[in-house]
Amino acid sequence: MSSLVEEVRSKLAEALKDALQAACRCGAIRVDEAPDFTLEVPREKDHGDFATNLAMLLAKPARMSPRKAAEILTQHFSPAGSWVERVEIAGPGFINFYLDPAWVYQVLPGILQHGADYGRLDLGHGKKVQVEFVSANPTGLLHMGNARGAALGDSIAAILDFAGYDVSREYYINDAGNQIENFGLSLEARYLQLFGRNIPVPEGGYHGEDILTSASSFRDLHGDAYLERDAADRRAALVEFALEEKLGNIKRVLSDFGVKYDVWFSEQSLHDTGAVQKTLDFLKDRGFIYEKEEALWFKATEFGVEKDEVMVRSNGLPTYFAADIAYHWNKFQRGFDWVINIWGADHHGHVPRMKGAAAALGYEPAALDVVIMQLVRLYKGGELVRMSKRSGQFVTLEELVEEVGRDAARYFFVMRSADSHLDFDLDLARAESNENPVYYIQYAYARICSIFRQLTEQGGARPDPGLVDYSLLKEEPELALARKLADFPGEVASAAGGLAPQRIARYLHELAGLLHSFYNSHRVITQDQELTAARLVLMDATSITLKNALGLLGLAAPDRM
RNA sequence: GUCCCAGUAGCUCAGCUGGAUAGAGCAACGGACUUCUAAUCCGUAGGUCAUAGGUUCGAAUCCUAUCUGGGAUACCA
């Protein structure tokens with residue numbers, strides 16, 4: 001689906017190029033080729049519907065003042081079929097185009113026709129994309145950082161899907177390695193403690209209450225059956241039991257948060273199937289592996305990384321990084337053209353390594369994109385809460401949703417860019433939950449629904465968008481609203497291109513603002529049937545757009561509030 | 001030390017790959033409900049875009065240096 005704004009823009013761009021050519025032909029301007037100019041919607045509506053910087057770019061090569069160049073261009077400009085009503089030269093040499101207000105009306109019946117697909121694009125041409133996010137260790141509960149990752153990753157995935165990519169959401173389960181060892185030892189200590197044994201939770205182990213809970217659930221199920229068993233067996237049984245329980249919890253909490261995954265991928269499976277070994281062999285064959293101090297190293301420095309990395313430790317165990325390379329190889333082998341990972345800022349050092357590994361495997365490093373999100377700091381009672389799994393002190397995603405609600409939480413995480421720090425004041429979020437911007441947006445949607453309920457009660461019917469006289473929408477708030485609706489596909493494109501859901505969040509807020517503003521100054525249902533019909537279509541189009549945009553952020557569109 | 005992110009209104013932050021007079025929410029102040037939902041709207045006030053240079057027609061945006069805050073620099077994951 002192409003966007004109305006894009007259509008007009010490309011028509012104008014063509015007309016401008018024609019004007020430049022015509023000016024060159026008659027010798028008024030001498031340049032070798034057309035500069036790469038922009039054609040944008042000015043912030044100030046006094047500056048027209050579109051503006052171009054072409055004349056300013058021509059000034060230097062054509063050796064004339066920008067305003068002079070603009071003058072010549074406008075003389076040769078013919079606006080045929082582009083809705084242009086008048087052209088003005090302004091400021092340092094901008095050419096501003098003022099369109100017939102009617103141009104924007106055409107967007108309205110189009111929105112009604114496309115409905116839930118309004119704004120859907122084909123930027124991706126069905127390209128296969130994988131978005132991997134959260135991937136928290138299954139040894140604990142989901143915390144605020146995971147919550148941000150969940151909201152961001154899910155929204156990015158939804159936006160890419162809407163932009164025409166074939167998207168798969170994936171969770172990488174870190175069910176192997178050291179932390180699982182620790183997990184087993186911690187569970188074992190708690191289990192034995194339940195039977196009065198004085199076994200402390202190991203230094204660096206997991207001290208959270210959830211470990212105790214898992215141990216006692218295990219006790220309830222198996223009693224003292226494992227008390228005298230071989231320690232390795234006991235730990236294996238505890239780990240298997242607790243992992244299943246934890247993972248079940250993680251799936252449930254994420255699902256309640258509105259996040260559904262297509263694939264849950266186990267790290268352990270990479271070891272079990274020999275994929276890690278195969279990856280090591282492959283890299284060794286290609287000469288990227290060497291031995292030093294009884295460990296195997298990856299020549300990361302050949303790919304511009306500061307230092308080489310250990311793949312297999314001197315104790316014979318592969319590192320997390322080795323498994324991660326195998327994992328990414330697996331991703332590419334599954335046919336993903338574009339692999340996107342959402343990682344916390346504490347993993348940013350891992351990015352160049354991973355890109356280097358992708359190159360070593362023979363893939364384009366650009367096929368791997370990593371969105372780094374800055375950490376979330378939690379404030380409670382005006383004080384910073386130090387979150388750590390080890391100490392067991394943190395606020396879980398589950399608690400967050402209980403306290404501030406799913407929609408407010410998701411909006412909060414997605415309304416600012418990933419690379420800015422996020423201070424989450426829990427007291428404030430709770431106290432101000434009624435003033436949260438997400439309600440402002442949802443209220444706009446609910447208000448429109450209310451208008452249509454009113455219409456039905458009065459025995460009215462939805463107008464046929466093909467039979468409506470849109471030229472009756474002359475008031476500025478109506479035109480502003482329609483223009484904003486026309487922007488939506490462009491917003492989707494830029495959110496997708498920049499992997500930036502906060503653009504959608506901002507767009508929603510602005511759109512809701514225009515709706516509220518219109519609503520307070522004009523009535524939709526009036527005695528004037530023609531005008532009522534036109535405004536009803538405008539309202540319908542607005543509600544469709546609001547709902548589609550809310551959906552991209554995983555937010556509900558409530559009929560009433 | 002090196003690398004990454006940030007520094008914009010009292011607070012929290014937008015500002016799309018350089019555009020015209022730097023925006024919004026909260027907080028403050030003054031107004032608007034006999035109306036399709038006031039969870040709303042309208043208005044006032046609030047700024048040396050960290051600092052100093054540079055690039056050019058034009059810089060919050062790009063480059064360099066400095067300052068401040070956070071993070072990364074493991075045979076942890």
Side-chain angles (χ1 to χ4, degrees), chain A residues 38 40 42-44 46-47 51 53 55-57 59-60 65-67 90-94 96 135 137 139 174 176-180 182 204 267 292-297 306-307 309-321 323-324 344-352 372-375 377 415-423 425 428 432-444 446-455 457-458 490-491 493-495 497-498 500 502-503 505-506 509-510 512-513 515-526 535 539 560-561:
Chain A
T38 63
E40 54 192 19
R43 206 171 30 222
E44 295 284 323
D46 290 348
H47 295 145
N53 61 349
M56 291 180 285
L57 296 172
K60 201 166 202 180
S65 78
R67 290 192 70 105
F94 286 103
N96 295 340
S135 300
N137 285 342
T139 51
N174 300 132
N178 263 341
Q179 87 276 9
I180 291 295
N182 259 328
E267 178 186 357
K292 189 180 88 182
E293 292 162 4
E294 291 175 30
L296 291 184
W297 297 71
E306 278 183 53
K307 57 187 192 58
E309 299 291 333
V310 172
M311 299 292 284
V312 179
R313 294 183 278 246
S314 51
N315 63 9
L317 294 175
T319 58
Y320 168 84
F321 184 44
D324 215 15
D346 53 341
H347 282 63
H348 89 253
H350 195 50
V351 176
I372 292 294
M373 51 168 193
Q374 298 299 314
L375 301 177
R377 281 180 303 206
M415 70 188 287
R416 56 243 307 169
S417 73
D419 48 15
S420 68
H421 294 267
L422 185 56
D423 289 340
D425 187 327
L428 198 69
E432 294 192 344
S433 63
N434 273 0
E435 291 159 21
N436 193 298
V438 73
Y439 296 106
Y440 179 84
I441 297 162
Q442 292 177 323
Y443 185 47
R447 273 183 145 175
I448 296 174
C449 291
S450 173
I451 292 172
F452 282 99
R453 276 195 298 273
Q454 187 78 16
L455 178 72
E457 274 169 31
Q458 294 179 7
E491 293 288 341
S494 70
Q502 79 273 10
R503 304 236 176 105
R506 193 177 73 247
H509 199 265
E510 287 167 0
L515 182 278
H516 287 310
S517 188
F518 165 76
Y519 186 96
N520 275 275
S521 55
H522 299 79
R523 289 188 60 82
V524 172
I525 300 173
T526 63
R535 286 184 174 168
M539 290 300 102
R560 57 181 87 223
M561 290 173 72

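Lettering follows sequence order; numbering is per chain, from 1.
- Rounded to the nearest 0.5 Å, atoms CG (A/Asn96) and CG (A/Asp46) are 10.0 Å apart.
- The residue A/Asp46 sits apart from the nucleic acid: no heavy atom pair falls under 4.0 Å.
- Candidate nucleotides B/rA38, B/rG71, B/rA39 were compared by shortest atom distance to the side chain of A/Arg447, and B/rA38 ranks first.
- Remark: ring of A/His47 stacked against base of B/rA20; centroid gap under 5.5 Å, plane tilt under 30°.
- Straight-line distance between the C1' atoms of B/rA9 and B/rU48: roughly 13 Å, to the nearest whole Å.
- In this structure a side-chain-to-backbone donor-acceptor pair under 3.5 Å is present from A/Asn520 to A/His516.
- Considering only the side chain of A/Trp297, B/rC75 comes nearest among B/rC75, B/rC41, B/rA14.
- Rounded to a whole Å, the OH atom of A/Tyr439 is 18 Å from the C1' atom of B/rA38.
- Residue A/Ala295 comes nearest to A/Ser314 through the heavy atom pair CB-N, 4.0 Å, listed as atom of the first residue, atom of the second, then distance.
- Using N1 to N3 plus N6-O4 or O6-N4 for Watson-Crick, or N1-O2 and O6-N3 for G-U wobble, each under 3.5 Å, B/rA20 pairs with nothing.
- In this structure, the NE2 atom of A/His348 is 4 Å from the C1' atom of B/rC4, given to the nearest Å.
- The shortest distance between the side-chain N/O atoms of A/Asn178 and the OP1/OP2 oxygens of B/rA77 is below 4.0 Å.
- Atoms NE2 and CE, from A/His347 and A/Met373 in turn, are 10.0 Å apart once rounded to the nearest 0.5 Å.
- Base contact: A/Arg523 has a heavy atom under 4.0 Å from a base atom.
- Mapping A/Ser517 and A/His350 onto RNA chain B via the closest heavy atom, the residue that lands nearer the 5' end is A/Ser517.
- Between A/Phe94 and B/rA20, a base-stacking contact is recorded: ring centres under 5.5 Å apart, planes less than 30° from parallel.
- The distance between atom CG of A/Asn182 and atom P of B/rA74, rounded to the nearest whole Å, is 20 Å.
- Listed nucleotides B/rA24, B/rC5, B/rA74 differ in distance to A/Asp419; the shortest reach to its side chain belongs to B/rC5.
- Relative to the side chain of A/Glu306, the nucleotides B/rG71, B/rA77, B/rU2 differ in distance, and B/rU2 lies closest.
- Separating the CG atom of A/Leu375 from the P atom of B/rA6 is a distance of 14 Å, rounded to the nearest angstrom.
- Heavy atoms of A/Ala51 sit under 4.0 angstrom from at least one base atom.
- Using C1' as the reference atom, B/rU40 and B/rU35 are 13 Å apart when rounded to the nearest Å.
- Separating the CZ atom of A/Arg416 from the P atom of B/rU12 is a distance of 10 Å, rounded to the nearest angstrom.
- Residue contacts for A/Asn53: at a heavy-atom cut-off of 4.0 Å it reaches a base atom on one of the strands shown.
- Distance from the side chain of A/Ser420 is smallest to B/rC13 among B/rC13, B/rG19, B/rG25.
- Phosphate contact (OP1/OP2 of B/rC76, side-chain N/O of A/Arg313, threshold under 4.0 Å): present.
- Across all strands shown, A/Pro92 has heavy atoms under 4.0 Å from base atoms, whether or not it also approaches the sugar-phosphate.
- Base pairing analysis places B/rG58 opposite nothing; no Watson-Crick or G-U wobble pair with both distances below 3.5 Å involves it.
- Taking the C1' atom of each, B/rC5 and B/rA50 are spaced 16 Å apart, rounded to whole Å.
- Pairing for B/rA28 goes to B/rU44, judged as Watson-Crick or G-U wobble with the two contacts each under 3.5 Å.
- Here B/rC33 is in the syn range [glycosidic angle within 90° of 0].
- Among the protein residues, A/His347 comes within range of the nucleic acid bases, having at least one heavy atom under 4.0 Å from a base atom.
- Residue A/Arg506 places its side chain closer to B/rG15 than to any other of B/rA20, B/rC75, B/rG15.
- Rounded to whole Å, the P atom of B/rU17 lies 24 Å from the corresponding atom of B/rG25.
- Without hydrogens or angle criteria, A/Asn137 side chain to A/Thr139 main chain gives no donor-acceptor distance under 3.5 Å.
- Relative to the side chain of A/Tyr440, the nucleotides B/rG19, B/rC75, B/rC41 differ in distance, and B/rC41 lies closest.
- Counting non-hydrogen atoms under 4.0 angstrom, A/Ala444 reaches nothing in the nucleic acid.
- Counting non-hydrogen atoms under 4.0 angstrom, A/Ala90 reaches a base of the nucleic acid.
- In this structure, A/Glu510 reaches neither bases nor backbone, as no heavy-atom distance under 4.0 Å exists between it and the strands shown.
- Straight-line distance between the C1' atoms of B/rG58 and B/rU21: roughly 15 Å, to the nearest whole Å.
- Between A/Arg560 and A/Lys292, it is A/Arg560 whose nearest contact on RNA chain B lies nearer the 5' terminus.
- Rounded to the nearest 0.5 angstrom, A/Ile525 CD1 and A/Glu457 CD are separated by 9.5 Å.
- In this structure, the nucleotide among B/rC75, B/rC41, B/rC5 sitting nearest to the side chain of A/Gln374 is B/rC5.
- Listed pair A/Ser521 / B/rC42 fails the phosphate criterion, with no side-chain N or O lying under 4.0 Å from OP1 or OP2.
- In this structure, A/Arg67 places its CZ atom 17 Å from P of B/rC57, rounding to the nearest Å.
- Residue-level contact check: A/Ala345 touches the backbone only, with heavy atoms under 4.0 Å from sugar-phosphate atoms and none from bases.
- In terms of heavy-atom proximity, A/Ser517 sits nearest to A/Ser521 at O-OG, 3.1 Å.
- Nucleotides B/rU12 and B/rA72, compared at atom P, are 22 Å apart to the nearest Å.
- Expressed to the nearest 0.5 Å, how far OG of A/Ser494 lies from CZ of A/Arg503 amounts to 4.5 Å.
- As rounded to the nearest Å, B/rC42 and B/rA38 have C1' atoms that lie 13 Å from one another.
- Following rounding to the nearest Å, A/His421 (NE2) and B/rC11 (C1') show an atom-to-atom distance of 18 Å.
- A side-chain donor-acceptor contact under 3.5 Å links A/Gln179 to the backbone of A/Asn174.
- Atom CG of A/Asp346 is separated from atom C1' of B/rC5 by 13 Å (rounded to the nearest Å).
- Within 4.0 Å of A/Phe452, counting heavy atoms only, lies no atom of the nucleic acid at all.
- Across the strands present, B/rA50 finds its partner in B/rU66; the criterion is a Watson-Crick or G-U wobble pair with both atom distances under 3.5 angstrom.
- When every heavy atom of A/Met415 is checked against every heavy atom of A/Pro437, the shortest pair comes out as CE-CG, 4.1 Å.
- If you take atom P in B/rG7 and the same atom in B/rC49, they sit 14 Å apart, rounded to whole Å.
- When each of B/rA38, B/rC36, B/rC16 is scored by its nearest atom to the side-chain atoms of A/Gln454, the top-ranked nucleotide is B/rC36.
- Within the shown strands, B/rU2 is the pairing partner of B/rA72 under the Watson-Crick or G-U definition, both distances less than 3.5 Å.
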